[in-house]
Amino acid sequence: MTQQTPLTELPEWKALVESAAQLKKAPMNLTSVMTPERVREFSLSLDTPEGPFLVDFSKNLVDAEVWQQLGRLAEATKVATTVRRTLGGEAVNRTEGRAALHTALRCRDPAAVVSAAGAGGADDVMPGIRRVLAQMRDFTERVRSGAWRGHSDQTMTDVVNIGIGGSDLGPAMACQALAHYGHSGGLRMHFISNVDPTHLAEVLRLVNPATTLFIIASKTFTTQETLANARAAKAWFLEHSGAGEAAVAKHFVALSTNQRGCQEFGIDPANMFEFWDWVGGRFSMWGAVGLSIALFVGMDHFEQMLDGANFMDRHFLETIDQPSKCVPLVLALLGVWYNNFLDAQTHAILPYDQYLARLPAYLQQCDMESNGKSTNLDGQKVDYSTGSIIWGEPGTNGQHAFFQLIHQGTKLIPCDFLAPAQGINPPFEQHELLLSNFLAQTAALMMGKSEAQVRADMKNLPEAERDALTPHRIFAGSKPSTSIVYPKLTPFQFGSLVAMYEHKVLAQAAIWNINPFDQWGVELGKKMANDLLPCVQDAVRVAAATAAGDICPEASKILQQYDASTAGILRHIRAVHSGASATSSAGAGKKRPASAVVDSDEPQAKRTVSHS
Ligand SMILES: O=P(O)(O)OC[C@H]1O[C@](O)(CO)[C@@H](O)[C@@H]1O
């Protein structure tokens with residue numbers, strides 16, 4: 001939804017600017033305002049079928065007035081309208097002419113009709129979704145039960161998902177998050193994403209081609225990294241299995257919107273799991289891209305994950321008009337308050353749940369690829385800050401690494417703490433330790449430690465020492481955090497948590513009037529990587545083979561479109577490969593002693609074989 005009045009000109013925005021200025025002048029002391037009423041006002045408990053899902057946002061730098069102002073901003077920016085249009089299937093991804101209907105993938109109403117509008121008109125998407133879910137059930141049951149056999153009639157022991165970005169982060173996070181519900185027969189899951197061949201090599205060292213299933217996950221089936229890894233995996237499979245091309249069908253399946261690309265790669269169309277252009281890559285783990293999750297935890301658990309996400313979708317839609325009742329909108333508004341009015345640059349995600357170790361990385365894509373935009377829906381440059389820098393690590397590890405900066409550094413870092421009320425693994429005494437650390441950190445961030453407390457703690461020290469140490473030991477306190485406590489990490493709760501963050505991102509995009517569903521910013525680098533490849537090949541292969549002088553004319557022509565630094569780095573790489581001095585341009589063609597050239601066990605000649 002585009003806005004008539006520029007965002008920063010809205011009276012609702014200006015009121016928040018004023019409130020922030022006041023707060024900066026007279027900082028809020030969170031401890032002194034904390035009362036049971038405040039907790040009631042600033043917390044929400046969702047009644048999930050597995051128990052209450054608590055979001056306590058009372059330890060944030062908001063009072064009733066700011067909260068009302070944030071609610072008015074949500075109204076003025078028509079967040080509810082954008083949300084309804086998005087979940088209703090309109091082509092909200094305007095720059096690509098598509099809907100963004102990942103919520104349909106987890107629609108659990110057997111009679112639902114959900115239409116996605118796009119360039120080709122509006123289609124009911126539910127029949128296709130149900131067909132793919134049925135295909136996933138059939139396939140995963142065959143693999144998990146051992147009915148699916150490899151080329152030498154053996155059952156599968158390992159699954160290797162090859163994909164990147166949205167075709168990797170969601171499944172990799174989910175398989176780790178739901179490890180407790182993993183295959184009882186010991187099916188092992190592996191994820192290869194990086195084009196660095198080390199990623200592939202280290203996984204292939206662990207698996208047996210006769211019992212390995214490769215999943216090639218790529219929405220477009222054109223992504224350089226994924227296709228390079230997929231080709232290398234296929235070559236490795238053919239070489240090490242001793243089987244012919246026909247065996248590929250038993251060991252390779254694909255998840256994609258690009259049927260032709262899959263077929264050209266040699267995937268049997270029967271082994272392709274389809275999805276659609278109205279599913280954004282970073283929102284795709286709820287459908288075919290979740291195949292590795294379903295293989296690992298089984299289709300029943302996978303569908304429980306969908307149920308959990310759908311629970312959050314319904315909550316979002318039902319409460320979107322009531323900012324104080326709607327969990328994703330609460331998180332979005334808090335983020336906007338810190339990001340746009342209190343100048344916070346980053347937002348920490350701190351799961352006190354080892355199973356959620358990959359959640360911060362997943363949310364980096366979900367949030368930063370979505371809201372890392374500086375042009376609004378009307379094509380104008382924005383004059384306000386958009387997406388935050390998302391980062392984090394599981395507690396308690398983070399406490400012993402970067403929490404110092406959150407407690408006593410100079411930056412404002414709003415934090416989300418996530419914790420399960422109940423643990424899954426014994427010894428349960430350790431879960432108590434985990435929870436006490438979670439509570440202690442949120443309380444310590446809020447309460448801080450005053451000078452009087454610090455001095456009282458050191459009352460037995462000589463006065464001079466006490467005076468010297470006191471300033472270092474004072475904690476300002478009033479550092480904001482939101483506590484999210486779910487009953488226990490089940491597939492349902494996990495689905496709800498992830499959907500909650502997806503919707504937070506959408507609500508923020510609506511306020512900022514940006515499109516969270518495209519990612520043009522990453523395209524430029526992709527194109528340049530392809531452009532520069534011949535230059536790198538020249539530097540690595542030609543130089544290694546011939547120890548020749550400067551960059552070849554063809555590469556040199558390409559490099560003319562680039563800068564001196566890029567060309568210099570390439571010359572450096574070329575010099576290393578040709579054994580010439582890396583630093584002196586005059587010595588670009590000179591041989592260096594072999595021992596000073598490259599750290600490698602392999603003789604130089606062997607490394608040149610690929611060039612000819
Ligand atoms: O699934 P694909 O088409 O291989 O794309 C992988 C990833 O690349 C991106 O397009 C850009 O990094 C992501 O949005 C996407 O998840």
Show me, pair by pair, the donor-acceptor contacts under 3.5 angstrom made by side chains of residues 307-317, not counting sequence neighbours?
unit_1, atom_1, unit_2, atom_2, d
Asp307, OD1, Arg108, NE, 2.6
Asn310, OD1, Arg314, NE, 2.9
Asn310, ND2, Arg106, O, 3.3
Asp313, OD1, Arg106, NE, 3.4
Asp313, OD1, Arg106, NH2, 2.8
Asp313, OD1, His503, NE2, 2.7
Asp313, OD2, Arg106, NE, 2.8
His315, NE2, Val327, N, 2.9

Could you list the donor-acceptor pairs under 3.5 angstrom formed by side chains in residues 410-417, with sequence neighbours left out?
unit_1, atom_1, unit_2, atom_2, d
Asp416, OD1, His347, NE2, 3.0
Asp416, OD2, His347, NE2, 3.4
Asp416, OD2, Tyr501, OH, 2.6

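Among residue pairs with one or both ends in residues 508-523, those qualifying as salt bridge (Lys or Arg N to Asp or Glu O under 4.0 Å) are Lys373-Asp518, Glu523-Lys526; sequence neighbours excluded. Residue pairs satisfying the salt bridge (Lys or Arg N to Asp or Glu O under 4.0 Å) criterion with at least one member in residues 329-354, sequence neighbours excluded, are listed as follows: Lys24-Asp343. For residues 392-410, no pair satisfies salt bridge (Lys or Arg N to Asp or Glu O under 4.0 Å), with sequence neighbours left out.
The CH2 atom of Trp278 sits 10.5 Å away from atom OG of Ser115, with the distance rounded to the nearest 0.5 Å.
One N or O on the side chain of Ser478 and one on the backbone of Leu30 form a donor-acceptor pair closer than 3.5 Å. Judged purely by atom type and a 3.5 angstrom limit, Tyr355 has no side-chain atom pairing as donor or acceptor with the backbone of Ile424. For Asp109 (side chain) and Ala111 (main-chain N/O), a donor-acceptor pair under 3.5 Å exists by modelled atom type.
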Assess the residue pair Tyr181 and Phe296 against the criterion (ring pair (Phe, Tyr, Trp, His ring centres under 6.0 Å)); give the C-alpha distance rounded to whole Å, side-chain angles, the decisive distance to 0.1 Å, and a yes or no. CA-CA 8 Å; Tyr181 308 89; Phe296 186 45; 9.8 Å; no

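With sequence neighbours left out, Glu9 forms a salt bridge (charged side-chain N to carboxylate O under 4.0 Å, His left out) with Lys14. Taking Lys449 as the reference, Asp457 meet the salt bridge (charged side-chain N to carboxylate O under 4.0 Å, His left out) condition, with sequence neighbours excluded. With sequence neighbours excluded, the residues satisfying salt bridge (charged side-chain N to carboxylate O under 4.0 Å, His left out) with Lys504 are Asp367. Partners of Ala134 under the side chain to side chain contact (heavy atoms under 4.5 Å, CB included) rule, at least two apart in sequence or in another chain, do not exist in this structure. With sequence neighbours excluded, the residues that form a side chain to side chain contact (heavy atoms under 4.5 Å, CB included) with Arg130 are Ala112, Met126. Applying the side chain to side chain contact (heavy atoms under 4.5 Å, CB included) test to Gln22 and every residue at least two apart in sequence or in another chain returns Glu18. For Glu90, the side chain to side chain contact (heavy atoms under 4.5 Å, CB included) criterion is met by Arg85, Val92, not counting sequence neighbours.
By the 30° and 60° cut-offs, the orientation of the rings of Tyr486 relative to Phe53 is tilted. Classified by interplanar angle (parallel below 30°, tilted 30° to 60°, perpendicular above 60°), the ring pair Phe42/Trp67 is perpendicular.
Across Pro480 and Asn60, no two heavy atoms sit closer than the pair CB-OD1, 3.6 Å. Closest heavy-atom contact between Ser256 and Ser218: OG-O, 2.7 Å.
Here Glu12 does not pair with Arg72 in a salt bridge; the nearest charged N to carboxylate O distance is not below 4.0 Å.
For the side-chain hydrogen bond (donor to acceptor under 3.5 Å, both in side chains) criterion with Glu50, the lone passing option out of Gln304, Lys488, Gln493 is Gln493.
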